[in-house]
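Below: one structure, written as C-alpha cells.
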Amino acid sequence: MRIFSGIQPTGRKHVGNYIGAIRGYLEGQERGDPAIYCIVDLHATSVAYDPKALPRYVLDTTAMLMAAGLDPDRCILFRQSDVREHSELTWLLSSVTAYGDLQRMHQFKDKSEREQELVRTSLFLYPVLQAADILIYKTDEVPVGDDQRQHLELAREIARRFNSTYAEVFVEPRHVIPDVGARVMDLQDHVAKMSTTYSSDSGLVYIDDPPDAVRRKVKRAQTDSGTEVVRAPEKPGITNLIEIMAVSRGVEPEDVEREFDGQGYGAFKEAVGEALVELLAPVRGRYEELRPDEDALRETLRGGAERARTIAAGTMTEVRAAMGVGELG
Ligand code: TYM
C-alpha cells in the first residue's frame with residue numbers, strides 16, 4: 001500500500017491541518033509501504049511569497065511534522081524541490097490535462113481573485129503539480145482534508161487519461177478523508193475553513209500556540225444561539241467545537257454531546273480548550289526541542305529526498321518511454 005500526501009510550508013500549521021490531515025499521516029505511517037510525505041515548496045511559489053523565508057518555513061514544517069509523530073525511519077519525509085522529477089512530470093502531465101478542468105478548480109478561482117498584483121500561471125497549474133506529486137509514486141491512498149477533494153478527482157482523471165492515451169503507467173489514487181474533522185472551520189467565521197492565509201489570528205489555533213492562547217481563542221470562539229451542546233446545521237460554531245473536542249479526546253461526537261448535555265456553552269468551551277491543550281502541548285514541546293537543530297532537519301530532508309528520488313526516477317523512465325520523449329532506453 002503506497003501512501004502519499006503533501007503539505008505547504010506556510011510557516012506555522014494549524015489545528016485544521018492537524019485534525020484533517022496530519023492525523024491521517026500518522027495512521028498512514030503504520031501501513032504505508034512506504035508512506036511518503038512531501039513539503040511542497042514549489043506549490044508555495046504559486047502566490048506572492050518571500051524567497052528568503054521559504055527555506056526556513058520548510059524547516060518549520062519538517063520539525064512540526066516530526067513533533068506530531070512522523071518518524072523518518074518509518075516514512076519518507078522530503079522537500080518537493082529536492083526531487084526535480086516532480087517538475088518534469090508536471091509539464092508532461094499537462095499534455096493530458098484539460099484546460100477547462102483547470103478553469104473549474106475552486107481553489108484557483110478563490111486564490112486568483114484574492115491576488116493583488118499578479119495571477120501566476122503556476123497558480124493555474126497548481127493542481128497538475130499536485131497530480132505529479134501523487135502519481136509519480138504510483139500512490140494508492142492520499143490522506144487529506146475535505147478541501148482537497150477536487151484536486152484528487154483531477155489527479156485521478158489525469159492518471160486515467162495518461163493511461164489511455166500513452167500506456168498503463170499510473171495508479172488511480174484514492175483520497176482518505178476523515179469522518180470527523182475533515183473541515184475544521186474558522187473559530188470566528190463559521191462559513192470559512194480554518195486557514196493560515198485567510199483566517200484572522202483569533203479564528204485559528206496554531207499547533208504551536210502556547211496553552212494560554214489556545215484556551216483564550218476557544219473561549220472567544222463564536223457560538224450560536226441557544227444553549228444546547230448538539231451538532232446541527234443551524235449551530236455551525238458548536239458543531240465545529242464538538243468535532244474538535246471529539247478528535248482531541250479520541251472519542252465520538254455523540255459521546256461529547258452526551259457528556260455536555262445540559263451544561264451550556266461556557267463549561268463546554270472551557271473543556272474544549274483543555275482538551276486541545278492536552279492534544280497540542282506535547283507536540284509543541286517536541287517542536288521546541290527539534291526546531292533548533294537545523295542540521296539534523298536538513299539531513300532528514302536529504303535522506304528522504306534520496307529515497308523519494310529512486311522511486312520517482314523509475315516512474316519517469318516509464319513516462320518518457322510512453323510519451324516518446326528523451327533518449328530511448
Ligand atoms: P495545505 O498545506 O493547505 O494543507 C495540508 C493539509 O491540511 C488539510 N487542511 C484541513 N483539514 C481540515 N480542516 C481545515 N480547515 C484544513 N485546512 C487544511 C488539507 O486538506 C491538506 O490535506 N494542495 C495541498 C498540498 C499538496 C498535496 C499534494 C496534498 C500538494 N501536493 C499531494 C496531497 C497530495 C495543500 O495546499 O495543503
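Both backbone and side-chain heavy atoms feed into the values below; hydrogens, waters and symmetry mates do not. Remember, it's 1-based here, ligands and their atoms both numbered in the order they're listed. Along the sequence shown, the residues carry numbers beginning at 1.
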What part of [X] sits under 4.0 Å from ligand 1 if we count only heavy atoms: the side chain, the backbone, both or neither?
| X | result |
| --- | --- |
| Val40 | side chain |
| Asp133 | side chain |
| Met185 | neither |
| Lys13 | side chain |
| Cys38 | neither |
| Arg183 | backbone |
| Ile22 | neither |

Taking [atom] as the reference point, the nearest protein heavy atom with its distance:
| atom | answer |
| --- | --- |
| atom 28 (C) of ligand 1 | Gln130 CG, 3.4 Å |
| atom 10 (C) of ligand 1 | Gly16 O, 3.5 Å |
| atom 25 (C) of ligand 1 | Gly6 O, 3.5 Å |
| atom 13 (N) of ligand 1 | Val184 N, 2.8 Å |
| atom 4 (O) of ligand 1 | Asn17 ND2, 3.3 Å |

Taking 4.0 angstrom as the limit, do [X] and [Y] come out as a salt bridge?
| X | Y | result |
| --- | --- | --- |
| Glu27 | Arg23 | no |
| Arg298 | Glu294 | yes |
| Lys219 | Glu270 | no |
| Lys138 | Glu318 | yes |

### Task
Report the relative orientation of the aromatic rings in Tyr137 and His86; use parallel for angles under 30°, tilted for 30 to 60°, perpendicular for over 60°.
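Tyr137 vs His86 ring planes: tilted.
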May I ask whether [X] places a heavy atom under 4.0 Å from ligand 1?
| X | value |
| --- | --- |
| His14 | yes |
| Ile7 | yes |
| Gly181 | yes |

### Task
Tell me, with the steps shown, if Asp201 and Lys217 meet salt bridge (charged side-chain N to carboxylate O under 4.0 Å, His left out).
CA-CA 9 Å; Asp201 188 66; Lys217 289 178 183 183; 3.7 Å; yes
### Query
Near Arg220 CZ, under 6.0 Å, is it more than 12 heavy atoms from other residues, nucleotides or ligands?
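Not more than 12 within 6.0 Å, no.
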### Message
Rounded at 0.5 Å granularity, tell me how far CD in Glu274 sits from OG in Ser248.
### Response
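Output value for this atom pair is 11.5 Å.
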### Nearest atoms (heavy-atom pairs only) where Val214 meets Leu276
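Heavy atoms of Val214 and Leu276 come nearest at CG1-CB, 3.8 Å.
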